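Scroll down for the structure; my scribbles are underneath it.
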Amino acid sequence: MRKKIVAGNWKMNKTFDEGVQLVKEIIELYTLEVKNQVYVVLAPPFIHLYKLQPLIFGMPMLEMAGQNCSNMPNGAYTGEISASMLKSVGCDYVIIGHSERRLYFNETNDWLAKKIDIALANLMQPIYCVGETLEERNNGKLYQIIEAQLSEALFHLPEEQLRHVVIAYEPVWAIGTGLTATSAQAQEMHAFIRKIIADKYGNDLAENISILYGGSVKPDNARELFEQPDIDGGLIGGAALQARGFVDIVKAMK
Ligand code: PEP
């Protein structure tokens with residue numbers, strides 16, 4: 001069955017004390033208003049994870065994610081964080097292939113395929129991001145780009161592993177810009193992604209994989225997006241930095 005998931009990607013925001021405060025506020029609102037109806041995944045900066053995890057411990061549908069992981073298991077890779085380290089501090093998810101990683105850190109589909117493997121080997125669910133730039137959309141290359149991002153990083157996986165992957169469709173032109181894909185544009189791409197998966201792996205897997213939408217989701221546009229039949233939740237950036245707005249987005253999913 002498709003999981004309904006709303007994930008908050010804090011990116012490089014919040015000092016440690018601010019992070020604790022935000023998680024406490026989210027827990028309080030979540031407990032009162034949405035408890036156990038939608039999976040909520042929090043992706044704070046790495047150094048906050050260890051101390052934030054106990055705050056959500058025992059809350060069955062509240063989980064932690066890393067924002068990235070190394071494609072190597074361990075060793076002399078200064079500044080990197082491994083998948084096993086994330087797992088050891090309680091992460092059940094890891095975001096892989098966010099467009100900011102692709103753009104600023106030159107992460108390619110082949111490179112990301114290794115991160116997917118290592119995340120799965122450490123029993124974490126990758127939240128694998130795909131999305132086209134505005135230029136790619138305008139020159140009609142968007143389907144080709146999304147298909148390549150999916151096939152080159154995911155389609156080496158056997159079916160039983162792909163079942164554990166969550167996909168996030170995030171049009172690059174909508175991230176942090178205030179521009180959102182219309183619900184029709186988002187639904188069209190989500191249906192396309194599901195079809196590509198169905199063609200390769202069959203309908204059963206395609207119907208059961210969660211596909212999140214990301215790109216300037218806010219409390220006032222979340223409901224319309226989440227009502228689309230192929231949208232199973234959201235990956236939220238800016239609006240995840242404030243508890244009231246974030247929990248309102250979670251409520252739009254329930
Ligand atoms: C993101 O970074 O994944 C994202 C969707 O950001 P924002 O919600 O700020 O557009």
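Position 1 is the first residue of the sequence; numbering continues from there. Owing to the predicted nature of the structure, the values given are computational and were not obtained by experimental measurement. First listed ligand is number 1; within each ligand, the first listed atom is number 1.
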For Thr177, is at least one N or O under 3.5 Å away from an N or O on ligand 1?
->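 N/O-N/O distance below 3.5 Å does not exist for this pair.
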Is Glu224 atom CD crowded by more than 12 heavy atoms from other residues, nucleotides or ligands, each under 6.0 Å away?
->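 Check fails, neighbour count at 12 or below.
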Around atom OH of Tyr50, are there more than 12 heavy atoms of other residues, nucleotides or ligands at under 6.0 Å?
->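 Not buried by this count: 12 neighbours or fewer within 6.0 Å.
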Answer with yes or no after comparing the ring centroid distance for Phe226 and Tyr213 against a 6.0 Å cut-off, counting only values under it.
->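 Distance test on ring centres: not under 6.0 Å, no.
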Ion pair Arg137/Glu132, N-O distance below 4.0 Å =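 The answer is yes: the pair qualifies as a salt bridge.
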Sidechain N-carboxylate O distance under 4.0 Å for Lys87, Asp92 =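 Here Lys87 pairs with Asp92 in a salt bridge, since their nearest N and O are under 4.0 Å apart.
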Short list, please: which atoms of ligand 1 are under 4.0 Å from a heavy atom of [X]?
X      : result
Ser216 : 7 (P), 8 (O), 10 (O)
Gly215 : 5 (C), 10 (O)
Gly176 : 7 (P), 9 (O), 10 (O)

Could you tell me whether the side chain of Lys35 and the main chain of Leu29 form a donor-acceptor pair under 3.5 Å?
->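 No: the side chain of Lys35 does not pair with the backbone of Leu29.
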Within the distance-only criterion (no hydrogens, no angle test), does the side chain of Arg2 pair as donor or acceptor with the backbone N or O of Glu207 below 3.5 angstrom?
->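 Flag set: sc Arg2 to bb Glu207 pair under 3.5 Å.
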Counting non-hydrogen protein atoms only, what is the nearest one to [atom]? Give residue, atom name and distance.
atom                   : answer
atom 9 (O) of ligand 1 : Gly238 N, 2.8 Å
atom 4 (C) of ligand 1 : Gly237 N, 3.6 Å
atom 2 (O) of ligand 1 : Lys11 NZ, 2.5 Å
atom 3 (O) of ligand 1 : Glu170 OE2, 2.7 Å

At a non-hydrogen distance cut-off of under 4.0 Å, which region of Ala174 contacts ligand 1 (side chain, backbone, both, or neither)?
->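 Only the backbone of Ala174 comes within reach of ligand 1.
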Report yes or no: does a heavy atom of Ala239 sit under 4.0 Å from some atom of ligand 1?
->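 No, that is not the case, since the closest heavy atom of the residue is not under 4.0 Å from the ligand.
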Quick one: does His98 get a heavy atom under 4.0 Å from ligand 1?
->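 His98: in contact with ligand 1 (<4.0 Å).
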In sequence, state the C-alpha distance, the side-chain angles, and the governing distance for Leu150 and Val130, and then conclude on side-chain contact (heavy atoms from CB on, under 4.5 Å).
-> CA-CA 7 Å; Leu150 291 171; Val130 298; 4.1 Å; yes
